[in-house]
Amino acid sequence: MIVREAAATDIAATATVASTAYRAGFAAVLDAAELARRDPASFVPRFTADLARLRVVTADGVVVGFSLVTGTHLDMLFVAPGAQGSGAGAALLAEAVARGTSSLECFRANASARRFYDRHGWMVTRGYSRPFAGRLHDFVYYERNAGR
């Protein structure tokens with residue numbers, strides 16, 4: 001696994017990872033219509049605008065995951081469903097932490113992501129509800145080394 005800064009040529013592959021990971025990871029959280037709107041093309045404008053903050057992880061030269069960090073907050077970390085469990089997510093998270101990332105939020109109902117962050121030493125410091133995709137959803141806020 002290699003984690004590196006994303007290049008413009010990575011945007012299409014990163015958008016595909018985002019779309020497939022969204023559909024797999026959020027099927028129990030978001031309705032089918034909202035998931036359908038999250039096709040690869042829907043992610044391209046954001047990834048283009050945020051290219052400097054985007055990191056990708058590759059396996060055998062293929063983009064299998066990405067992270068997007070703003071300041072010290074992890075906005076997104078997604079791994080293609082077929083690459084989950086391969087260490088790609090752990091590599092992205094470690095790289096983000098090395099750059100000073102110390103917070104993130106996660107859907108409360110996203111059990112697999114929550115297990116991942118818990119396993120890597122992150123702690124839930126609060127829960128809340130906020131609008132997302134036109135509906136109110138429950139979230140948890142994680143911090144790195146909270147209370148330690």
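Remember, predicted model here, so these are calculated numbers, not experimental data.
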Peer 1: Once rounded to the nearest 0.5 Å, what's the spacing between atom CG of L51 and atom CZ of R46?
Peer 2: 13.0 Å
Peer 1: Kindly give the heavy-atom pair with the smallest separation between V79 and Q84, and that separation in Å.
Peer 2: O-NE2, 3.0 Å
Peer 1: Sort out for me which residue in V69, L68, L92 forms a side chain to side chain contact (heavy atoms under 4.5 Å, CB included) with M76.
Peer 2: L68
Peer 1: Looking at H73, R144, E143, which one forms a side-chain hydrogen bond (donor to acceptor under 3.5 Å, both in side chains) with S103?
Peer 2: H73
Peer 1: Picking from T70, T72, L74, what satisfies side chain to side chain contact (heavy atoms under 4.5 Å, CB included) with T101?
Peer 2: L74
Peer 1: If every non-hydrogen atom of R108 is compared with every non-hydrogen atom of G127, which pair is closest and at what distance?
Peer 2: NH2-CA, 3.4 Å
Peer 1: Locate the shortest heavy-atom distance separating R38 from F43; write the atom from each residue and the value.
Peer 2: O-CE1, 3.6 Å
Peer 1: Is the backbone of L77 close enough, under 3.5 Å, to the side chain of S67 for a donor and an acceptor to pair up by distance?
Peer 2: no
Peer 1: Give the minimum heavy-atom separation between V64 and A88, together with the two atoms involved.
Peer 2: CG2-CB, 4.0 Å
Peer 1: Taking the side chain as every heavy atom from C-beta outward, state whether R55 and R4 have any atom pair closer than 4.5 Å.
Peer 2: no
Peer 1: Heavy atoms only: give me the nearest F116-H120 pair and the separation to one decimal.
Peer 2: O-ND1, 2.8 Å
Peer 1: Here's a test for you: under side chain to side chain contact (heavy atoms under 4.5 Å, CB included), which of T58, V57, V56 qualifies with I2?
Peer 2: T58
Peer 1: Does S42 use its side chain to pair, donor to acceptor, with the backbone of D39 at less than 3.5 Å?
Peer 2: yes
Peer 1: Given Y142, which of F107, Y117, W122 fulfils the ring-ring contact (aromatic ring centres under 6.0 Å, His included) condition?
Peer 2: Y117
Peer 1: So does E34 pair up with R135, basic N to acidic O under 4.0 Å?
Peer 2: no
Peer 1: Minimum heavy-atom separation for A80 and V17, please, with both atom names.
Peer 2: N-CG1, 3.6 Å
Peer 1: Atom CG in L104, atom CZ in F139: separation rounded to 0.5 Å?
Peer 2: 12.0 Å
